[in-house]
Amino acid sequence: MAATNNLQQKTGAKKFGAMLSALVHRQIFIPIAALLLLLIFNLIADPSFFAITLAQNSAGDPVLSGYLITVLDNASELVILAIGMTLVTAASGGQDISVGATIAIAGSVVLRVLCGTNSRPDTLQAPIIVAFLIGCVVSMLFGAFNGVMVAFFKIQPMVATLILFTAGRSIAAWINNNELPIISDASFGYFGNFIPGIPVPTPIFIAALCMIIIALVLKFTNLGLYTQCVGINAHSSRLNGINPATIKFLTYVILGLCVAVAGFIKVSRFSTINYSVVAKDIEMDAILAVALGGNALSGGKFNMASSILGAYVIQLLTTTLFKFNVVSSALPAYKAVVVIILVVLSAPVVREKMLALWTKIAPKKRVKEAA
Amino acid sequence: MSANTVTKKNPLKSSAGLSDTNLLLIITISVFVLMYACAMLFLGSGFLKAQTFFNILNENAALVVLSCGMSIVMITGGIDISVGAVTALVCMCCAVNLDYQGGSILTAVLIALCIGLAFGLVQGFLIAYLEIQPFIVTLAGMFFAKGMTTIVNATQFNVQNESFQALKSTRITVPGMGAVNKLGAYVPAYVEIGVIVAVLVVIILFAVLRWTKFGRGVYAVGGNNQSANMLGINVKRTKFFSYVLCGLLAGIGGFVYFLHVGSGSPSHASGAEMNAIASSIIGGTMLTGGVGNIAGTFFGVLSLSTIKNIVSSLGLDEAWWTNITVAVMICLFLVVQSIVLARKNKNNAK
């Protein structure tokens, strides 16, 4: 009896061990572990982090507020960018560092269309949907420019996008003659803040919509398969009838669309734009989200859910640091330490070393058990 | 027999023609000379004075040093985007040391070198031995340096230290290049100490890359990782030392920058890493690795700063024009590079 019990325990332990190791080897484990770590840290340090209250905003509407809502709300742009960045990374094996600057361009175009020639109009000069669509088209054109440089001129992505990184904010300022248009119409602010009557911030819905769309696209089209093929081996995918240049080009255009949506949310939050500050350093966060999701930055296989989770982890980290009164300009130092720890732990060389160490220790255990 | 002659012909042909490095170098130098000549012809007065040229050097001495480090790393096929932030950190630490801790110039130089070396060692180890992507590692390095700068001191301040002020205002006159000013007095042309440092760095690194084992190893590693390994080159060590060198140069560049501006500020040298990358590209360094030249990088910096000067003296002083022209220039050079590469691939295929 005791023996069978022992056996059961052993198999149970084995099963648990196998499950654990399977989980550890899953790609999504890294962002989940980071997420849990941060949440537990917050739980211990100050449980009020998890409090969500129903408050009234300045317009008198009931809205949800709390740190968790802030995280979900502020992460929206990053999540949307991470979707596009994952595809670009997978297909071209490089990253687009111009997304921050292109957000400035998209936002500037949206405001320009809404304002017309006057920088402070009393009424909107065009329907919001038209402005949004024009923003999308312009942003996709800039994405296409990056795509042409990468796919057809075969320039390294980081360097090809350096062009727009340098010029983007200047182009954005140029579009509006360096004026700072301000939109007084309240309905424009709905997309970045709250729609009256709905207590959840609108960007959360937009981000969720983007996630659903990309999930459907990946499920029902070959986009995911093709991008991974091109990323793993462009030459052999060419032999199999996939045109690598077209796929790479397409991913940059998709990223352009994502940038337009993110830019639209960004300008809607404040109903204005500051060319040199809007979405500053967001390209770095977006790349980090992809890396944190365990995706190889050299291209190939990707896991979209991991990237999206990675984006939320980064926003959670930022909000946590803010909560502990870290000055915003000192924030990067802490972020860097966290990133280095995560990256070192997930480096293949380190993993192999740890696995070797584990197998060294494990036999000893077995010997002990046998004894 | 006939096949033999055909295969023999090709290498002869390519060695008789220009190598990629030389071709890109010649393009860079001729573009710079052409641009400067046009500026002299059409914009006149300012560009005719020798001092204008030396001022470009004075302002960009730090960028020259940073770009040299960047080029070496780029020739190995990597990238280091932390150099600008390291420059800011060096400036701030030196400034605090000189003014608040009673340091001397010697301690300030030591601090600058140590900070640069520390960044180089850590980043080099992570990239070369743990095989983490250079972009991510140096991105974290950049974040860390940026954050540390504000932690050391959050506000900008000018250094008052007397011996430092004396060093900062030291001017080395260049014989025979002066000009007569409006009052009829002869004003000699001058350069700052930073320029001497930058020129020394360029000469030393040019020699190192051309004639030392390490230098040839850098090209080999960048050209082809695996074949370099098979030839008995320690790929990891070469990569490691290239990042250490880049870090050290970021420290030196930081001090040169500090010597020029004489203050510490978190916003110093922001975007310097992108300027350094742009200069290297314009100077003919290929991002795919294996191709590049320090002399080219030097001319890359000159071209970049000359075009900025031209834009501002054309009266297009709205800030955006500078950025847009620089971007257009990078774009043109990238396209030229990609055409060169395509041509080379075609030749190889033949």
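Below, read A as the first sequence line, B as the second, and so on, with proteins coming before strands; counting in each chain starts at 1. None of the values given here were measured: they were computed from a predicted structure.
The contact between A/Phe165 and chain B is made entirely by side chain atoms (from C-beta outward), counting heavy-atom distances below 4.5 Å. Contacts of A/Leu331 with chain B are absent, with no heavy-atom separation under 4.5 Å from either backbone or side chain. Residue contact with chain A, scored on non-hydrogen atoms closer than 4.5 Å, is absent for B/Ile339. Interface remark: A/Phe145 contributes side-chain atoms only to the contact with chain B (heavy atom separation under 4.5 Å). Heavy-atom distances place the side chain of B/Ile132, and not its backbone, under 4.5 Å from chain A. Interface residue B/Met142: only side-chain heavy atoms are found under 4.5 Å from chain A. Only the side chain of B/Leu126 comes within less than 4.5 Å of a heavy atom of chain A; its backbone N, CA, C and O stay farther away.
No side-chain heavy atom of A/Lys353 sits under 4.5 Å from any side-chain heavy atom of B/Leu130. Two residues are said to be in side-chain contact when any heavy atoms from C-beta on lie closer than 4.5 Å; B/Met274 and A/Ile97 meet this criterion. Considering only heavy atoms from C-beta on, A/Ile287 comes within 4.5 Å of B/Phe135 through its side chain. The side-chain heavy atoms of A/Val337 and B/Phe144, taken from C-beta on, include a pair separated by under 4.5 Å. In this structure the side chain of B/Phe143 reaches within 4.5 angstrom of the side chain of A/Leu288, judged on heavy atoms.
Among B/Ile136, B/Val137, B/Thr149, B/Val326, the residue with the largest count of heavy-atom pairs under 4.5 Å with chain A is B/Ile136. When each of A/Pro332, A/Ala330, A/Ala296 is scored by its heavy-atom pairs under 4.5 Å with chain B, the top score falls to A/Pro332.
Taking every heavy atom of both residues into account, B/Leu334 and A/Ala160 meet most closely at CD1-CA, 4.3 Å. In terms of heavy-atom proximity, A/Leu162 sits nearest to B/Ala278 at CD2-N, 4.5 Å. Here the closest heavy-atom approach between residue B/Ala327 and residue A/Ala167 is recorded as CB-CB, 3.4 Å.
Residues satisfying the side-chain hydrogen bond (donor to acceptor under 3.5 Å, both in side chains) test with A/Thr272, not counting sequence neighbours, are none. Considering only residues two or more places apart in sequence or on other chains, A/Thr319 meets the side-chain contact (heavy atoms from CB on, under 4.5 Å) condition with A/Tyr67, A/Val71, A/Gln315. Legend: residues meeting side-chain hydrogen bond (donor to acceptor under 3.5 Å, both in side chains) with A/Thr89, ordered by chain and number and at least two apart, are absent.
Of the inter-residue distances, the one linking A/Thr166 atom OG1 with B/Met329 atom CE reads 12.5 Å to the nearest 0.5 angstrom. Between the CD1 atom in A/Ile163 and the CD1 atom in B/Ile330 there is a gap of 6.5 Å [rounded to 0.5 Å]. Interatomic distance, CG of B/Leu139 versus CD of A/Glu283, reported as 9.5 Å (0.5 Å rounding). Considering CE of B/Met286 and CD of A/Gln156, their distance stands at 11.0 Å, rounded to 0.5 Å. A distance of 7.0 Å separates CD1 in A/Ile155 from SG in B/Cys331, rounded to the nearest 0.5 Å.
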Q | Trace of the side chain to side chain contact (heavy atoms under 4.5 Å, CB included) decision for B/Lys146 with A/Asp281 | A | CA-CA 12 Å; B/Lys146 261 188 186 172; A/Asp281 291 339; 4.0 Å; yes
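Interface with chain A: from residues 82-90 of chain B, no residue qualifies, criterion being any non-hydrogen pair under 4.5 Å.
Residue A/Lys335 places its NZ atom among more than 12 non-hydrogen atoms of other residues, nucleotides or ligands, all under 6.0 Å distant.
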